[in-house]
Structure formats: C-alpha cells, structure tokens
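Heads up: the structure comes next, in structure tokens.
The model shown is predicted, which means the values in this text are computed figures rather than measured ones. To find a chain, count down the sequence lines: A is the first, B the second, and so on, and within it residues start at 1.
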Amino acid sequence: MSFNCRFAPSPTGPLHIGGVRTALFNWLLAKKNKGKYFLRIEDTDRERSKDEFKNQIISSLAWLGIKHDGAEYIQSKNIDKHVAIAEELIKKGLAYPCYCSEEEINEQKAKCKKQGMPYVYNRKWRDAKDLEIPKDVKPVIRFKSKISGNTIIKDLVQGERNISNSTIEDFVILRKDKSPTYQLSATVDDHEMKITHVIRGDDHMINSFKQKQIYDAMGWVVPHFAHIPLIHSEQGKKLSKRDNASTLEDYIKIGIISDALRNYLLRLGWSYKDKEIFTKQESIDLFDLSGVGKSPSKLDMARILSINETYIKTIDEKELFKFFQEYISKYKSSIDGKKESALIKSMGFLKNKAKTLEDIWNNAQYIIKDEIEIGVDDKKLLDDLSKTIIKEFINEYEKVSSLSRETLEPVIKSLIEKHKTNFKGVGQPLRIALVGSRFGPGLYDVILSLDKAEVIKRLKQI
RNA sequence: GGUCCCAUCGUCUAUCGGUUAGGACAGUUGGUUUUCAUCCAACAAAGAGGGGUUCGAUUCCCCUUGGGACCGCCA
C-alpha cells in the first residue's frame, strides 16, 4: 500500500503552531511508511493569499526539518482543472447553477436565525426547471448533495463517524466569478496528487463528509481520513492568530531550537508508552496514528521550555554555537568575530544556565560586550574589603603564567585564608567586577573565558 | 439554536476489565554546590456526577454535567 500525505496550508498568515503539528504528523506518517509527503499551497483566496506568507511557510517548515517531496504544489495553477470537474459534475446532473442573489441568501439566513433554526440553503435551484432565470444575477454552482441517508467516514483517529446527509447543504463549488471554492479544489487536488491519507485538524471533519460526496460523485477512490484533535489555547479554545505564542515564529524568536519544538509538538496529542524524548529518527520509527488521542490538548509553555532545556544541555558545544549564531544573527545582533572562540569555549557552562538560546545570549553578555554595567544592588556589595581583595587578586593574577583552574585555585585559596573568609567573600566581588552581577557562571569559568588583559582592565575599574 | 465530538493529577499523558492508577512538566521540601542555576532525592497531586453490564469497572453501555468543533461565494 502506498502512502501519500500532504500538508495544505493557505498562505494567508504566518504558520500556525497547530498547522506545524499537522505538517509534522503528515510527514511522520509518510516517512514511517516510506511514502511521500507533499506540500500544497492553497492560495485560491486571491485577496488574502500573499507570496510573503507562502515563503515564510516553506522556510518555517524547513527550519523544523520537515522537507516535502518534490516541488511545492501551487493550487491556483490548477484552477482550470477544478473548473473542468465542476462542469463535469453539472453534465452528470450532480451540480447545478443557483441564481439566488446575496440578498436572498441573507434573508434566508436571517429568517432561520429568527426561528431558531439552523440555516441550510433551501435548494431552491436544485431542480428548478420552471423557475425564470434572472438576467442580472451571475449564478454560483452548487454541488447536489445527498438528501437522504447517511455518510460514514472511518476515521483513523476518531473511529467511525456517521452523519445524516440531510444536514449537509448543497455547498458552493464555483463562485459567481467561476472560481472554485476550497471544497472542490482540495478534493480535485487530493485526487490528482493521489493522496492516500488526509491528516488534518478536527475542524475539517464536516468538510470530509462534503468532500467524500464529491469523490463518490466522480467515482474516485476516497482517501483515508485522520482528524487530529485541535490544539487549544490556555483558555481552552481553538488556538487562533490572536492568541499569543500561536505562530512558529513566536517560539523561534525566544530561542527554542527546532528539535525541541518538534519533540514537544510530537508529544502533544500523541504518545508512545512513557517515552518523552524522541530523536527525529525515533519519532519516524515509532509514530503511528493509533497513538494519537481524541481529546484536544492545551499549549504548555513551561513544558516547551523544559524540553528545550533538555536539548540545549544534550547537544555538543559546537553545534549549539551554530544554533546560537543563527539565532542571534536573526533576532539579536551578530557578534565580533574575535569573540567567537571565547563563546564556543563557554557554551559548555553557559548552557547549564539556559532554557533558551535567548538565555544564553543574556548570560553571555559579559563576554559579548566590551563594557559591562554593574547593577546598583551589586555595586553596594563592593565594600572596602572587597576592593582590597580585588587589588590583591590582580597582583597575584598577573604573575600566573599559564592560566587554568589549577593555577588559579591556589590564588583564590590564599586570599580566603588571608582574610579569614569563605569562597563567597572572595568570589562574589570578583564576579561582580567581571560580570556585572553577583549572579553568573562559576568564577573560574568567568575568569578563564575572558582575555587576561580584559580581566585586569575590568578589575582595575573597581 | 442545530449537527458532530471530547472527558485520568494544574498541564501533556500511560492503562486496551483485576495496578498501592504509572511517567514527564510545573509545584513543595530537603541534599550537593562557588552566587544564580544545574544535578540528586522525597512529597503532594487525578479517574466530573448518577445509573447499568460484570464476580470485578478509570476501562464497556446509557443519562446528566462540563468543555470543544462546525454551521462562508475563507481555507
């Protein structure tokens, strides 16, 4: 059995985190089954579709490591085919022109609302041989939906779903300007692309019932459907663009790395035993639609940060620096080339204090910036004894020829003994002078991460 | 309002009729430590309610309650 999956976003806005997960699940299912995963840009809403969003969607998915097979499929390029199918349906008597004006439709809706009844198009033109065709109205083409019986979809996630055909109206497949609507275009394209598995959000359930009828009308093979539960906001509602942290970009810009987000999204609505961390390969091997739950899940920023932290701690320093550099060049500022080697060396301890790449950026400021600022509270901690200790440290430090933790330790220890204090008594003033804050990396890490001249310069400023 | 759907710790989830209901994140407490963190350990935390079915229900069925999705010439 072949597996052809697709992700079909519309380029009318930045890529949504729910969409990213849908893409991930499609990709995973395809890869697991040695099938193909396609990307289809559904740009038939000409007013709202923008190239800028299309490009952003493609690069966002690339960032996540989801690569589509072949070139991306642009739906608007296939409009002629969609229209041709609509005409075929008309010929077969399975679609028909509807001459209701917008006002007429609106009246119907208002009437239904008033009566507390659900609105369904009244099928006025379905078999309207006797009706006089109005001259001034351009018709839309409606699909002749089944009136009686039921439509059943064996959903791979939701199980068997059954709906009475009477609740499905004769939906529009061609607008009055002859352009195809989503229901038609998506169905025709899925058929043409030989899509075997349609994985999409649960909000598409009704569409699948409608689309199944088009497949049946055309005598096409109906693909398998899998409707995955939606991702909810903290308020428990379908995530919308208005919610904060709803787009992929929102996560990238705070320094979430791609593997971590992939792992988080994978575990949102899907699970495999007690396993929490999945490499990309593991996720391909282990993914299965049977592991997808039926109930919607809420976004949990704390969990995202935690998984990100795990990944940051796990990956090696060089790779981490690569991610870091990529991140700051886009969202912060690029760094002086001279600082690079110091930063790479420091990733090892910097990452222990970070949940995000942004944390690393913040914690590395003392290396990145030439001038450090000492906070007011920290400045107060620098009393006369501190200043004496700093002066004495400078004298000893200058004498050390090869700098290492081993050569530095005796210096610190002798100062502790001389002033009958503890590590904090010596370490804190030095850290404040070098980092600008009493919170920071371990003292030896700090001293060794800076040039000797820089250390002396900063200490002498006190 | 109509149609459809969902329901285990605060959150993500495990359990596919028999478990002291497990794990992870967050939380609390304690320990390690060079500050902050990390790390380690412990604690606390759940089957919405009511009926069935069954020797036995979190698990199967029904009702109630709560929540959600859809109801565009958007996709």
Indicate, with a heavy-atom threshold strictly under 4.0 Å, whether [X] touches base, sugar-phosphate, or nothing.
| X | result |
| --- | --- |
| A:G269 | sugar-phosphate |
| A:R405 | base |
| A:R161 | sugar-phosphate |
| A:P441 | base |
| A:G442 | base |
| A:T44 | sugar-phosphate |
| A:Y444 | base |
| A:I163 | sugar-phosphate |
| A:E47 | nothing |
| A:E276 | base |
| A:V172 | sugar-phosphate |

Counting heavy atoms from C-beta on, name the nucleotide in [options] closest to the side chain of [X].
| X | options | answer |
| --- | --- | --- |
| A:E102 | B:U3, B:G10, B:C73 | B:C73 |
| A:T167 | B:U3, B:U38, B:U34 | B:U3 |
| A:H232 | B:A75, B:G68, B:U34 | B:G68 |

[N] [atom2] sits how many Å from [X] [atom1], rounded?
| X | N | atom1 | atom2 | value |
| --- | --- | --- | --- | --- |
| A:I17 | B:C12 | CD1 | P | 16 Å |
| A:I307 | B:U13 | CD1 | C1' | 12 Å |
| A:L230 | B:G68 | CG | P | 12 Å |
| A:N352 | B:U38 | CG | C1' | 5 Å |

Can you tell me, in whole Å, how much space there is between the [atom1] of [N] and that of [M]?
| N | M | atom1 | answer |
| --- | --- | --- | --- |
| B:C12 | B:G51 | C1' | 32 Å |
| B:C16 | B:U58 | P | 14 Å |
| B:C40 | B:G66 | C1' | 41 Å |

Would you say the base of [N] and the side-chain of [X] have a donor-acceptor pair closer than 3.5 Å?
| X | N | answer |
| --- | --- | --- |
| A:R303 | B:A24 | yes |
| A:R267 | B:U13 | no |
| A:N207 | B:A75 | yes |

Problem set entry | Within 45° cone of A:Y37 ring axis and under 6.0 Å: A:R6 NZ or CZ | no
Exercise. When you measure from the centre of the six-membered ring of A:F349, is the NZ or CZ of A:K351 under 6.0 Å away and within 45° of the axis?
Worked result: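 Geometry flag: not set, cation outside 6.0 Å or 45°.
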Output yes when at least one side-chain N/O atom of [X] is less than 4.0 Å from OP1 or OP2 of [N], else no.
| X | N | answer |
| --- | --- | --- |
| A:K273 | B:G23 | no |
| A:S297 | B:C12 | no |
| A:K237 | B:G67 | no |
| A:K424 | B:U34 | no |
| A:T181 | B:A75 | no |

Please determine, for [N], whether a Watson-Crick or G-U wobble partner exists with both distances under 3.5 Å, and give it or none.
| N | answer |
| --- | --- |
| B:C43 | B:G27 |
| B:C4 | B:G68 |
| B:A37 | none |

For this session: Could you check whether the rings of A:H191 and A:W220 sit parallel, tilted or perpendicular, using 30° and 60° as the cut-offs?
Result: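 A:H191 vs A:W220 ring planes: parallel.
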For this session: State plainly whether the residues A:R126 and A:D170 are in salt-bridge range, i.e. N to O under 4.0 Å.
Result: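 Yes, this pair counts.
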Exercise. Is a salt bridge present between A:R40 and A:E42, judged by a nitrogen-to-oxygen distance below 4.0 Å?
Worked result: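 Salt bridge present between A:R40 and A:E42.
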For this session: Could you check whether A:H204 and the base of B:A75 form a stacked pair, meaning centres closer than 5.5 Å and planes differing by less than 30°?
Result: yes
Problem set entry | Sidechain-backbone polar pair: A:K379 side chain, A:I374 backbone, donor-acceptor under 3.5 Å | no
Exercise. Backbone N or O of A:A245 within a donor-acceptor pair of the A:Y251 side chain at under 3.5 Å?
Worked result: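 Yes; judged by distance alone, with no hydrogens or angles, the pair exists.
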